[in-house]
Amino acid sequence: MKTHILQETNWESVKNSLYNVAILPWGATEAHNLHLAYGTDTILSEKIAADAAEIANLSGAGAIVLPSIAYGVNSGQMEIPLCMHMNPTTQLSILRDILYVLDTHEIRKFVIINGHGGNAFQPIIRELSLEFPDIIMSYVNWWTVTKADKYFDEPGDHAGELETSAMMHIRPDLAAPLEEAGTGAETKFKIEGLREKWAWTPRRWIYISEDTGVGNPKKATKEKGELFVKQCTEKIAKFILEFSQIENEEDLYE
């Protein structure tokens, strides 16, 4: 049993443990080019959350990893079969229920380890922080923790070199051979502001990608994935430890 993972531990361990911070991996279920599993985002966030919490707990963080959520915001992929979509308002409701439990059991720190770019937790946390003022909340997009261009020639946005390398390291059984992958070619916006990303509108996947990927995975390797994931995991572990030691919101500031 892994006592830092709620889904794998038992009541004997839980009742004798003091938890300072709850960790929630949140992913998605969606197509990832022709070669990666639909569960890629969830699998990666679960693994990184679990490993980071384990490292942090060696220094007394008192972290517990909650069961992951495998449904993300995928409103732009509705035309792709079985790309599962959850509204942001549904995410807010789920988080409200989870925070109620944490608040009841006096776990006052909460971190989401996010694995899906379509999930936007900042406005949700802003709203829920007013409802649960005793809980300090945060979220981490795990793939942004360290600069990807130090490890990859073309990291990609979705099922590209970064995600493919990470899956080749963590779950090689769910990464088909690279010769089966599409190129991840993306059709760009024609409007300058959208193309340069200082303006925003949701992307519709049927218009931007023929293979559902965005970013070429062809240079992905297990070794690149191992180095990148290790660096991200260690930095997240340090964050979890420091976050677990905060007594109140005022302690977040120098």
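Every value quoted in this text rests on a predicted model; they were computed, and no experiment measured them.
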Centroid-centroid distance, Trp26 to Phe121, less than 6.0 Å | yes
Report the C-alpha separation of Thr40 and Leu174 in whole Å, then their side-chain angles, then the decisive distance to 0.1 Å, and conclude whether the side-chain contact (heavy atoms from CB on, under 4.5 Å) test is met.
-> CA-CA 8 Å; Thr40 291; Leu174 297 180; over 6 Å; no
Treating [X] as the side-chain partner and [Y] as the backbone partner, does any N or O pair qualify as donor plus acceptor under 3.5 Å?
X: His4; Y: Ala50; answer: yes
X: Ser59; Y: Ile55; answer: no
X: Asp103; Y: Glu106; answer: no

Quick check: are there more than 12 heavy atoms from other residues, nucleotides or ligands sitting under 6.0 Å from [atom1] of [X]?
X: Glu8; atom1: CD; result: yes
X: Lys15; atom1: NZ; result: yes
X: Glu79; atom1: CD; result: yes
X: Lys47; atom1: NZ; result: no
X: Glu210; atom1: CD; result: no
X: Leu82; atom1: CG; result: no

[X] [atom1] to [Y] [atom2] distance, which is reported to the nearest 0.5 Å:
X: Ile64; Y: His105; atom1: CD1; atom2: NE2; answer: 13.0 Å
X: Ile236; Y: Ile23; atom1: CD1; atom2: CD1; answer: 9.5 Å
X: Ile240; Y: Lys238; atom1: CD1; atom2: NZ; answer: 12.5 Å
X: Thr233; Y: Glu54; atom1: OG1; atom2: CD; answer: 11.0 Å
X: Ile246; Y: Arg108; atom1: CD1; atom2: CZ; answer: 16.0 Å
X: Ile5; Y: Gln7; atom1: CD1; atom2: CD; answer: 8.5 Å

Determine, using the 4.5 Å side-chain heavy-atom cutoff (strictly less than), whether [X] and [Y] are members of one ILVMFWY cluster.
X: Trp205; Y: Leu194; result: no
X: Trp142; Y: Tyr139; result: no
X: Val73; Y: Ile69; result: no
X: Leu44; Y: Leu178; result: no
X: Leu66; Y: Trp11; result: yes

Scan Asp41, Thr144, Asn141 and name whichever one has a side chain to side chain donor-acceptor pair (under 3.5 Å) with Asn114.
->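 Output: one option passes, namely Asn141.
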With Thr164 as reference, evaluate Lys218, Lys224, His35 under the side chain to side chain donor-acceptor pair (under 3.5 Å) test and give the passing residue.
->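 Only one of Lys218, Lys224, His35 forms a side chain to side chain donor-acceptor pair (under 3.5 Å) with Thr164, namely His35.
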Pair Asp51-Lys230, salt bridge (charged side-chain N to carboxylate O under 4.0 Å, His left out): steps then yes or no | CA-CA 9 Å; Asp51 288 355; Lys230 182 176 184 291; over 6 Å; no
Would a 4.5 Å heavy-atom cut-off, applied to side chains only, mark [X] and [Y] as touching?
X: Thr90; Y: Tyr71; result: no
X: Ile136; Y: Phe110; result: no
X: Ile107; Y: Asn20; result: no
X: Thr42; Y: Pro25; result: no
X: Ser165; Y: Phe228; result: no
X: Leu6; Y: Pro67; result: yes
X: Val140; Y: Ile112; result: no
X: Leu99; Y: Leu128; result: yes

Please step through side-chain contact (heavy atoms from CB on, under 4.5 Å) for the pair Lys109 and Ile135, ending with a clear verdict.
-> CA-CA 5 Å; Lys109 273 86 70 174; Ile135 299 179; over 6 Å; no
Please report the shortest heavy-atom distance between [X] and [Y], naming the atom on each side.
X: Leu162; Y: Ala148; value: CD1-CB, 3.7 Å
X: Ser244; Y: Ala61; value: CB-O, 3.3 Å
X: Ala56; Y: Ala237; value: CB-O, 3.5 Å
X: Cys83; Y: Gln77; value: SG-OE1, 3.3 Å
X: Val229; Y: Ala166; value: CG2-CB, 3.9 Å
X: Ala159; Y: Glu163; value: N-OE1, 2.7 Å

Just by distance, no angles: are the side chains of [X] and [Y] close enough, under 3.5 Å, to form a donor-acceptor pair?
X: Glu30; Y: His116; value: yes
X: Asn16; Y: Glu12; value: yes
X: Asn216; Y: Glu161; value: no
X: His158; Y: Asn33; value: no
X: Ser209; Y: Asp211; value: yes

Taking [X] first and then [Y], would you say they form a salt bridge - that is, a charged N and a carboxylate O separated by under 4.0 Å?
X: Lys219; Y: Glu154; result: no
X: Glu226; Y: Lys222; result: no
X: Arg171; Y: Asp173; result: yes

Please write out which residues are connected to Met78 in a hydrophobic cluster, directly or through intermediates, given that two of Ile, Leu, Val, Met, Phe, Trp, Tyr count as joined at side-chain heavy-atom separations below 4.5 angstrom.
->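 None, because no other hydrophobic side chain comes under 4.5 Å of this residue.
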Evaluation steps, side-chain contact (heavy atoms from CB on, under 4.5 Å), between Glu131 and Glu127 | CA-CA 7 Å; Glu131 296 182 35; Glu127 181 167 343; 4.3 Å; yes
Salt bridge (charged side-chain N to carboxylate O under 4.0 Å, His left out) between Arg203 and Asp157: does it pass, once the steps are laid out?
-> CA-CA 12 Å; Arg203 290 182 294 181; Asp157 185 37; 2.5 Å; yes
Only one of Ile94, Asn119, Asn74 passes side-chain contact (heavy atoms from CB on, under 4.5 Å) with Met86; say which it is.
->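 It is Ile94, the one option of Ile94, Asn119, Asn74 that forms the side-chain contact (heavy atoms from CB on, under 4.5 Å) with Met86.
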Please test Ser68 against Glu46 for side-chain hydrogen bond (donor to acceptor under 3.5 Å, both in side chains), starting from the C-alpha separation and ending with a verdict.
-> CA-CA 7 Å; Ser68 63; Glu46 280 181 337; 2.5 Å; yes
Given the rule in the side-chain contact (heavy atoms from CB on, under 4.5 Å) test, do Ile113 and Val111 qualify, once you have shown the distances and angles that lead to the verdict?
-> CA-CA 6 Å; Ile113 304 298; Val111 180; 4.0 Å; yes
